[in-house]
Number of protein chains: 2
Amino acid sequence: MNKPIKPTESELEILAILWERGASTVREIHEILEQQKEAGYTTTLKLMQIMHEKGLVTRDASAKTHIYEAAVDRELTQRQLLNKMIDTVFKGSASQLVMQALGHHRSSPEELDMIRQYLNEMEKKQK
Amino acid sequence: MNKPIKPTESELEILAILWERGASTVREIHEILEQQKEAGYTTTLKLMQIMHEKGLVTRDASAKTHIYEAAVDRELTQRQLLNKMIDTVFKGSASQLVMQALGHHRSSPEELDMIRQYLNEMEKKQK
DNA sequence: CTCTTTGTACGAATATCTTCGTAAACGAAT
DNA sequence: ATTCGTTTACGAAGATATTCGTACAAAGAG
């Protein structure tokens, strides 16, 4: 069995940026992070170094300014976090989670349509 | 603005049990917790005392054996955890989260139907 | 070359979470 | 009343996460 990826809160914020932007320098990450919350530069640096030790990111250290990249798959990580949440907080009922998510995070009609299509496809495959 | 409820991993496990069972003693909680993971009795006790300090649970200490009850709303907590997750891990797209959740946590046809109904209702209300 | 800026490395302080041992209080049973 | 099992209270150790100061290296400007 694969060991679950378990980034901390702060690490997750950085991963999210890396997934979004692709390979980035510490400064680039830091600049974006700063818009979301207060953070010192060396704090961000240290975090990313630790993430490197843990294998959450890879880095290219060939130039003076290192370049970091996410080393864990986005969807896989999302899935693991979700499953854990479904188990502990939603008594194993994914549909409850889904309705909770839709009910309070106003989604556009287009998004709702996408979900509907997705539901239909799932049902077909199940037969 | 309301301060977000931010239980730790362990606290969440206990809250889930309290939500499910209603008011309970430490021993009752502990017995259930033990089925899920290894834990010493005093560890569970201490956790619940801390949760009481934090205001996550209330307790009736009139008898020798105290009785605890969840002090935070289940749905509100679920919502806050979900919203945070949507923001950081899913770029603010609830539908992406929904599809991830449905795709990998096998749901019964009944559940899928419930969600479909829910979608329809939402669409009506939006007009 | 010297000075300034930008970057990494490292260590340490702080905070938070988790776990558990020990002691004291209480009630029930003998 | 003494003993035994159950429960709470407390404190402290251990683990993990977060933050930042300082030192040093490298590159560019003058």
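Within every chain, numbering begins at 1; the chains are lettered A, B, ... in the order of the sequence lines, protein sequences first and strands thereafter.
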Indicate, with a heavy-atom threshold strictly under 4.0 Å, whether A:Thr8 touches base, sugar-phosphate, or nothing. sugar-phosphate
Taking the side chain as every heavy atom from C-beta outward, state whether A:Glu13 and A:Leu33 have any pair of such atoms under 4.5 Å apart. yes
Taking the side chain as C-beta and beyond, is there a heavy-atom pair between B:Val26 and B:Tyr41 under 4.5 Å? yes
Would you mind reading off the distance between A:Glu53 atom CD and C:dC10 atom C1', rounded to a whole angstrom? 11 Å
Using the closest heavy atom to pick a nucleotide of DNA chain C for each, name whichever of B:Lys54 or B:Thr43 lands nearer the 5' end. B:Lys54
Rounded distance (Å) that lies between atom P of C:dA9 and atom OH of A:Tyr68: 6 Å
Using atom CE of A:Met51 as one end and atom C1' of D:dA17 as the other, report the distance to the nearest whole Å. 13 Å
May I have the distance from A:Ile29 (atom CD1) to C:dT6 (atom P), rounded to whole angstrom? 19 Å
Considering every strand and a 4.0 Å limit on heavy-atom distances, what is the contact class for B:Lys6: base, sugar-phosphate, or nothing? nothing
A:Arg59 vs C:dG7: side-chain N/O to OP1/OP2 distance below 4.0 Å: no
Using a cut-off of strictly less than 4.0 Å, decide whether A:Arg27 has a side-chain nitrogen or oxygen near OP1 or OP2 of C:dT6. no
To the nearest Å, how far apart are B:Met48 CE and C:dT18 P? 15 Å
Does A:Lys64 contact C:dT6 through a side-chain donor or acceptor facing the base, at a distance under 3.5 Å? yes
Spacing between A:Glu9 atom CD and C:dA15 atom C1', to the nearest angstrom: 16 Å
Rounded off to whole Å, could you give me the CG-to-P distance for the B:Leu47 and D:dC10 pair? 17 Å
Can you tell me if A:Ser95 and A:Ser93 form a side-chain donor-acceptor pair at under 3.5 Å? yes
If we only count heavy atoms from C-beta on, is the B:Gln49 to B:Lys46 side-chain gap below 4.5 Å? yes
Across the strands shown, which category fits B:Ser10 at heavy-atom distances under 4.0 angstrom: base, sugar-phosphate, nothing? sugar-phosphate
Just compare C:dT18, D:dT8, D:dC20 and give me whichever is closest to any side-chain atom of A:Lys46. D:dC20
Residue pair A:Arg74 / A:Thr77, side-chain donor-acceptor N/O under 3.5 Å: no
Strictly below 4.0 Å: does A:Thr42 bring a side-chain N or O up to OP1 or OP2 of D:dC20? no
Please state how far atom CD1 in A:Ile50 lies from atom P in C:dT8, giving the value in whole angstrom units. 15 Å
Tell me whether the side-chain N/O atoms of B:Gln49 come closer than 4.0 Å to OP1 or OP2 in D:dC10. no
Within less than 4.0 Å of OP1 or OP2 of C:dT19, is there a side-chain N or O belonging to B:Tyr41? no
Closest listed nucleotide, where the reference is the side chain of B:Thr65 and the choices are D:dT19, D:dT7, C:dT18: D:dT7
